[in-house]
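Below, chain A is the first sequence line, B the second, and so on; all start at residue 1. Quick note: numbers below take in every heavy atom, side chains included, and nothing from hydrogens, waters or symmetry partners.
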Protein chains: 2
Amino acid sequence: MEHRKVPEHEAIYLRIREMILFGVLVPGQPVTIQGLVEVLDAGTTPVREAIRRLTAEGALEAKGNRRITVPELSLTQVEELYFARLSIEPKLVQIAVPRANEELTKHLREIDNHLNAAISEGDIEGYLKYNYRFHFALYEAAGAGILLALAQSLWLRAGPSLRGVLGRYANTIQPDQHDITIRALENHDAATACRAIEDDIRQGMDQVRQVLIFGDSAAQNTVKSVLAD
Amino acid sequence: MEHRKVPEHEAIYLRIREMILFGVLVPGQPVTIQGLVEVLDAGTTPVREAIRRLTAEGALEAKGNRRITVPELSLTQVEELYFARLSIEPKLVQIAVPRANEELTKHLREIDNHLNAAISEGDIEGYLKYNYRFHFALYEAAGAGILLALAQSLWLRAGPSLRGVLGRYANTIQPDQHDITIRALENHDAATACRAIEDDIRQGMDQVRQVLIFGDSAAQNTVKSVLAD
DNA sequence: TTCTCAAAAATATGATCAAATATTTTGAAC
DNA sequence: GTTCAAAATATTTGATCATATTTTTGAGAA
């Protein structure tokens with residue numbers, strides 16, 4: 001049995017990463033090395049290395065004065081992410097479609113069921129996790145490591161802010177795009193799959209954008225108006 | 001005098017980064033922490049942190065067995081970079097054009113002069129450095145930090161392989177696109193500037209691609225045929 | 001306010017331990 | 001006696017930790 005021992009710095013990296021992706025650490029929150037050392041009961045060196053990695057990925061932000069925080073997105077940064085996600089993620093889907101097999105669609109359906117369950121239970125964290133898993137199970141199928149890494153970085157950047165709005169407007173979540181995506185995969189219909197993922201990205205990013213432009217009160221209405229179309 | 005001291009790990013990061021970008025470290029080359037500690041005359045912790053950062057950026061590759069190398073690009077990876085660079089970098093130019101002022105174009109012209117001098121002297125390293133500076137002086141003018149970080153990562157990934165081919169075919173370098181770009185900036189002509197950068201990216205990446213497909217002997221001819229168009 | 005200084009946090013060093021690779025040794029078969 | 005491969009050993013490198021040093025912050029005094 002090949003049980004490769006995962007180095008501490010790798011394990012710590014993954015733990016902090018999840019804390020960022022799934023809402024334990026929120027935008028603007030200061031992150032101290034010492035603090036993480038205590039919370040995670042780890043040594044300073046592994047925590048330090050994990051933080052450097054996450055900073056390089058844009059999941060954390062190194063302020064000038066040796067302070068580190070979870071980034072708060074500005075409006076222009078949201079626009080950048082909007083553009084970048086729409087450039088990279090549909091491409092991953094396009095590559096993945098011809099490589100998709102029944103195993104993949106079955107797996108995606110499983111994840112999507114968990115996702116829907118989480119939504120109906122109002123389980124935000126569950127929603128975030130299964131949504132993440134859905135997208136990256138799909139993206140990984142493309143076998144395109146560089147684009148995948150870019151997508152990972154983009155999710156790490158968008159994740160915390162996305163969580164912020166979803167936490168407030170969980171009821172407006174529209175998982176329909178996932179169904180469409182899976183069906184398109186089964187039909188080897190790349191164009192439809194790409195469009196579904198594009199729409200999925202737009203839905204999420206639009207909410208973040210609306211909150212930034214109009215403040216908290218706006219996102220709800222915006223989403224409702226989209227639903228009414 | 002406010003001389004904020006740059007932390008060792010930051011300085012080391014920058015040094016290793018340059019070694020990767022400008023050809024001291026070549027694709028496939030194993031990189032050891034201990035080795036860098038000796039070469040750079042540094043402590044293990046700063047080197048370690050710098051390596052984690054560079055690994056996250058794709059400038060280095062962590063093999064399973066705790067080994068680290070400068071990545072060798074596969075053909076599919078080159079295609080990924082091709083696509084990603086063409087997605088991100090022209091967008092940065094598009095954003096930069098309306099923000100460009102005389103100071104910027106003057107600076108770019110300066111860099112471009114150095115670049116041309118380096119080419120006529122057959123100074124590969126100089127070429128690489130000024131080419132890098134040209135692109136990122138332009139990209140930075142966009143004021144789009146996230147897209148800029150993505151572009152940086154893409155250059156770190158493409159750089160070593162690009163150097164490999166340029167080192168062999170320095171005489172085929174076509175810096176014309178830079179002239180076109182600067183003039184387009186002066187005319188606030190975003191479309192032309194974007195197209196020039198696209199062509200610039202294509203020229204470089206095509207050479208890498210050709211070498212990967214047909215081996216060393218092919219790139220020269222391919223470039224010539226492009227010139228003959 | 002501005003300055004000083006102590007506490008807290010980040011940074012960096014070097015030592016120690018563990019893991020992986022490289023080298024040598026061993027021993028059986030031919 | 002030679003060859004080859006497996007075992008044993010040595011060496012290199014990576015991972016982590018404890019500790020010392022430096023930097024920053026922020027409270028309180030001038």
Peer 1: Can you name the side-chain contact (heavy atoms from CB on, under 4.5 Å) partners of A11(A), sequence neighbours left out?
Peer 2: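 Expected list: V6(A).
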Peer 1: In whole angstroms, how far is the C1' atom of dT11(C) from the CD1 atom of I51(A)?
Peer 2: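 Whole-Å distance recorded here is 13 Å.
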Peer 1: CD1 of I68(B) versus P of dT13(D): gap in Å, rounded?
Peer 2: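 It is 13 Å, rounded to the nearest whole Å.
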Peer 1: Does the side-chain hydrogen bond (donor to acceptor under 3.5 Å, both in side chains) test come out yes or no for Y82(B) and D206(B), once each step is laid out?
Peer 2: CA-CA 9 Å; Y82(B) 207 113; D206(B) 271 339; 3.1 Å; yes
Peer 1: I need the CD-P distance between E49(A) and dC17(D), as an integer number of Å.
Peer 2: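 E49(A) atom CD is separated from dC17(D) atom P by 11 Å.
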Peer 1: Counting just side-chain N and O atoms, does R52(B) come under 4.0 Å of either OP1 or OP2 of dA15(D)?
Peer 2: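 For dA15(D), OP1 or OP2 has a side-chain N or O of R52(B) closer than 4.0 Å.
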Peer 1: If we ignore hydrogens and angles and just use 3.5 Å, is the side chain of E49(A) paired with the main-chain N or O of H9(A) as donor and acceptor?
Peer 2: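 No; judged by distance alone, with no hydrogens or angles, the pair does not exist.
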Peer 1: If you only use heavy atoms from C-beta on, which nucleotide in dT23(D), dA12(C), dT16(D) is closest to the side chain of T45(A)?
Peer 2: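 For T45(A), the side-chain atoms sit closest to dT16(D).
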Peer 1: Nearest whole angstrom, please: distance from the C1' of dA10(C) to the CD of E8(B).
Peer 2: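 Result: 14 Å.
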Peer 1: Among dA19(C), dT11(C), dC17(D), find the nucleotide with the atom closest to the side chain of P46(A).
Peer 2: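 Comparing dA19(C), dT11(C), dC17(D) against the side chain of P46(A), the answer is dC17(D).
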Peer 1: I need the residues from residues 24-40 of chain B with at least one non-hydrogen atom less than 4.0 Å from DNA chain C; give them sorted by number, or say none.
Peer 2: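 Listed by number, there are none.
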Peer 1: Could you check whether any side-chain N or O of R52(A) sits under 3.5 Å from a backbone N or O of R53(B), counting only pairs where one atom can act as donor and the other as acceptor?
Peer 2: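 Side chain of R52(A) to backbone of R53(B), a donor-acceptor pair under 3.5 Å: no, none is there.
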Peer 1: Could you give the NZ-to-P distance, from K63(B) to dG14(D), as a whole number of Å?
Peer 2: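 The answer, rounded to whole Å, is 15 Å.
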Peer 1: With no hydrogens and no angle check, is any side-chain donor or acceptor of S153(B) less than 3.5 Å from a backbone partner on E57(B)?
Peer 2: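 Pair found, side chain donor or acceptor close to backbone of E57(B).
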Peer 1: Go nucleotide by nucleotide along DNA chain D from the 5' end; which of P7(A) and R67(A) gets its closest nucleotide reached first?
Peer 2: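 Whichever sits nearer the 5' end wins; that is P7(A).
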Peer 1: How long is the line joining OH of Y13(A) and C1' of dT16(D), in whole Å?
Peer 2: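 From Y13(A) OH to dT16(D) C1': 20 Å.
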Peer 1: At what distance, to the nearest 0.5 angstrom, does CD of Q152(A) lie from CG of L21(A)?
Peer 2: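 Answer rounded to 0.5 Å: 8.0 Å.
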Peer 1: Does the N101(A) side chain pair with the main chain of E103(A), one donor and one acceptor, at a distance under 3.5 Å?
Peer 2: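 At least one qualifying donor-acceptor pair exists.
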Peer 1: Expressed in angstrom and rounded to an integer, what is the separation of H9(A) atom NE2 from dC17(D) atom P?
Peer 2: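 Going from NE2 in H9(A) over to P in dC17(D) covers 12 Å.
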Peer 1: R48(B) near the nucleic acid: base, sugar-phosphate alone, or nothing, with a heavy-atom cut-off under 4.0 Å?
Peer 2: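 It contacts base atoms.
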Peer 1: Report yes if a side-chain nitrogen or oxygen of N65(A) is closer than 4.0 Å to either non-bridging phosphate oxygen (OP1 or OP2) of dT25(D); otherwise report no.
Peer 2: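 Answer yes for this pair, as a side-chain N or O of N65(A) is under 4.0 Å from OP1 or OP2.
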